[in-house]
Amino acid sequence: MVAASATVSPIRLFPVGQATAPGSGTALDAFGRAMTYLRISLTDRCNFRCLYCMPAIGMKFQPKDEHLSDDELLRLIGLFAKSGVTKIRLTGGEPTIRPRLVELVRGIKSFPGITEVSMTTNALLLSRLAEGLAEAGLGRVNVSIDTLDPDRFKLMTRGGRLDLVWQGIEAADAAGLRPIKLNTVVVRDQNDEEVADMAALTLDRAWQVRFLEIMPLEGVGDVHDESLVTSEETQARLETRFGPLVPVETDAADPARTWKIPGAVGTIGFISPVSEPFCASCNRVRLTADGKLRLCLLRPDEADLRDLMRDGADDDTLERAIRAAIWRKPWGHGLAEGERETVRGMSQIGG
Ligand code: SAM
């Protein structure tokens, strides 16, 4: 097991006597981290079944009426914006299968304070959506693609078509949804020997190819246990092909450590939640499709905003609930201490 501790020196930045969340300004947690980034899962459904994301059998999907409606979602986003959120990322499940996605993006972008709306997608439907999304205000996309081999792609997604995904990526690039970032989860004996070919995409394209370590979410703990490839191992493979990578400076809140192949146009990112947790600089919370504010990707601590709203809470009450939940955000994901998420899978949270 390679997990490093995510719990090094947690420091409460506020006096012990201050037991409640401040009521204005950007929402902070008790460790002083400002939550400016909200990831929203628009649905728990997906048109792929990636083997590190969903189990082969036994997936259960929520009834649609458990999901936030567009109006409910927009109301909450307005309150998150009042609480200091400036960046929104749409995810899923697969966000592009949500009806009225373009109108939703337009609505989100209309809130003063929301400066950036982006999306994580498998790109299958992007060739017909990219232009409309860009026009509605979507800034950029991260596309999940694990291999450039059509047969392996079919295997890893349990049925997906690489040619359609590739068309989607090109459509996103043409629509200006840039910089395009490609997310590749590295899975031993599946695509680990292909990482240098993926990285080679950055030689003549201004893309970022990012390699992710598998996390043990509900339903895929065994895939993590058997097939985790650390970023260190992936980087060594890249350096065998390309020579030493060159570090690139990035924003401290960026979970990716960024590098470049010497002379390349684009960059390489390593996202290493298992071997090098980045909890200390976490600035994000998540809203699930069923309206739960999830405080840490890998911990089941959630606040139920949907039921509060459906029970008739006014905006002040909801905003206070958002701030209070953020205040109790856990310090770190706890993988090194043996914590395991056994309630929700990644497709129900959104990554
Ligand atoms: N369907 C969209 C997509 O494919 O990008 C959005 C949702 S997907 C859950 C978001 C991201 O989580 C993808 O990049 C996916 O590769 C990643 N992911 C899913 N399961 C994972 C796991 N167990 N460990 C690490 N990343 C995972």
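Fair warning: this is a prediction, and the values are worked out from it, not measured in the lab.
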Do side-chain atoms of [X] reach the backbone of [Y] as a donor and acceptor pair under 3.5 angstrom?
| X | Y | value |
| --- | --- | --- |
| H67 | A289 | no |
| D192 | D189 | yes |
| K329 | L295 | yes |
| D173 | I169 | no |
| N283 | A253 | no |
| E341 | V343 | yes |
| R178 | I180 | no |
| R158 | R49 | yes |
| R306 | E66 | yes |
| R257 | S272 | no |

Any salt bridge linking [X] with [Y]? Criterion: basic side-chain nitrogen under 4.0 Å from a carboxylate oxygen.
| X | Y | value |
| --- | --- | --- |
| E218 | R344 | no |
| D225 | R340 | yes |
| D301 | R299 | no |
| R98 | D70 | yes |
| E193 | R152 | no |

Could you tell me which non-hydrogen atom of [X] sits nearest to which non-hydrogen atom of [Y], and how far apart they are?
| X | Y | value |
| --- | --- | --- |
| D222 | G219 | OD1-O, 4.0 Å |
| T91 | G350 | OG1-O, 2.6 Å |
| E339 | L335 | O-CD2, 3.6 Å |
| R286 | G351 | NE-O, 3.0 Å |
| S231 | I271 | OG-O, 3.9 Å |
| W331 | A280 | CH2-CA, 3.8 Å |

Would you say E103 has more than 12 foreign heavy atoms packed within less than 6.0 Å of its CD?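 More than 12 within 6.0 Å, yes.
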
Around atom CD of E131, are there more than 12 heavy atoms from other residues, nucleotides or ligands closer than 6.0 Å?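 Check fails, neighbour count at 12 or below.
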
Test side chain to side chain contact (heavy atoms under 4.5 Å, CB included) on L201 and M198 and set out the steps. CA-CA 6 Å; L201 292 171; M198 295 292 307; 4.3 Å; yes

Would you give the length of the straight line joining atom [atom1] of [X] to atom [atom2] of [Y], rounded to the nearest 0.5 angstrom?
| X | Y | atom1 | atom2 | result |
| --- | --- | --- | --- | --- |
| C46 | Q348 | SG | CD | 12.0 Å |
| T43 | L90 | OG1 | CG | 12.5 Å |
| K87 | R39 | NZ | CZ | 8.5 Å |
| L203 | K260 | CG | NZ | 10.5 Å |
| L287 | I349 | CG | CD1 | 12.5 Å |
| L138 | R106 | CG | CZ | 11.5 Å |

Any side-chain heavy-atom pair from [X] and [Y] closer than 4.5 angstrom?
| X | Y | value |
| --- | --- | --- |
| L162 | T157 | no |
| I88 | K109 | no |
| T26 | T36 | yes |
| L28 | I326 | no |
| L133 | V141 | no |
| W327 | R323 | no |
| F80 | I40 | no |
| V285 | L38 | yes |

Hey, which of T147, D146, L51 is the one that makes side chain to side chain contact (heavy atoms under 4.5 Å, CB included) with Q190?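 Only one of T147, D146, L51 forms a side chain to side chain contact (heavy atoms under 4.5 Å, CB included) with Q190, namely L51.
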
Evaluation steps, side chain to side chain contact (heavy atoms under 4.5 Å, CB included), between L212 and Y52: CA-CA 11 Å; L212 281 71; Y52 50 78; over 6 Å; no

Can you list the steps and then say if R320 with D316 is a side chain to side chain contact (heavy atoms under 4.5 Å, CB included)? CA-CA 6 Å; R320 272 201 304 279; D316 282 350; 4.0 Å; yes

Is it true that the side chains of [X] and [Y] contain a donor and an acceptor less than 3.5 Å apart?
| X | Y | result |
| --- | --- | --- |
| S275 | E213 | yes |
| R89 | T120 | yes |
| R45 | N47 | no |
| T121 | E94 | yes |
| T288 | D290 | yes |

Please determine whether residues [X] and [Y] belong to a single hydrophobic cluster, defined as Ile, Leu, Val, Met, Phe, Trp and Tyr linked transitively by side-chain heavy-atom distances below 4.5 Å.
| X | Y | result |
| --- | --- | --- |
| M119 | W207 | yes |
| L73 | I108 | yes |
| L148 | L126 | yes |
| I214 | F278 | yes |
| V195 | I145 | yes |

With sequence neighbours excluded, what pairs up with Y37 under the ring-ring contact (aromatic ring centres under 6.0 Å, His included) test?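 Result, ring-ring contact (aromatic ring centres under 6.0 Å, His included) vs Y37: none returned.
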
Which pairs pass ring pair (Phe, Tyr, Trp, His ring centres under 6.0 Å) with one or both residues in residues 127-155, sequence neighbours excluded?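 Residue pairs passing ring pair (Phe, Tyr, Trp, His ring centres under 6.0 Å), neighbours aside: F48-F153.
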
Can you check side chain to side chain contact (heavy atoms under 4.5 Å, CB included) on V220 and M346, steps first, answer last? CA-CA 9 Å; V220 296; M346 188 69 111; over 6 Å; no

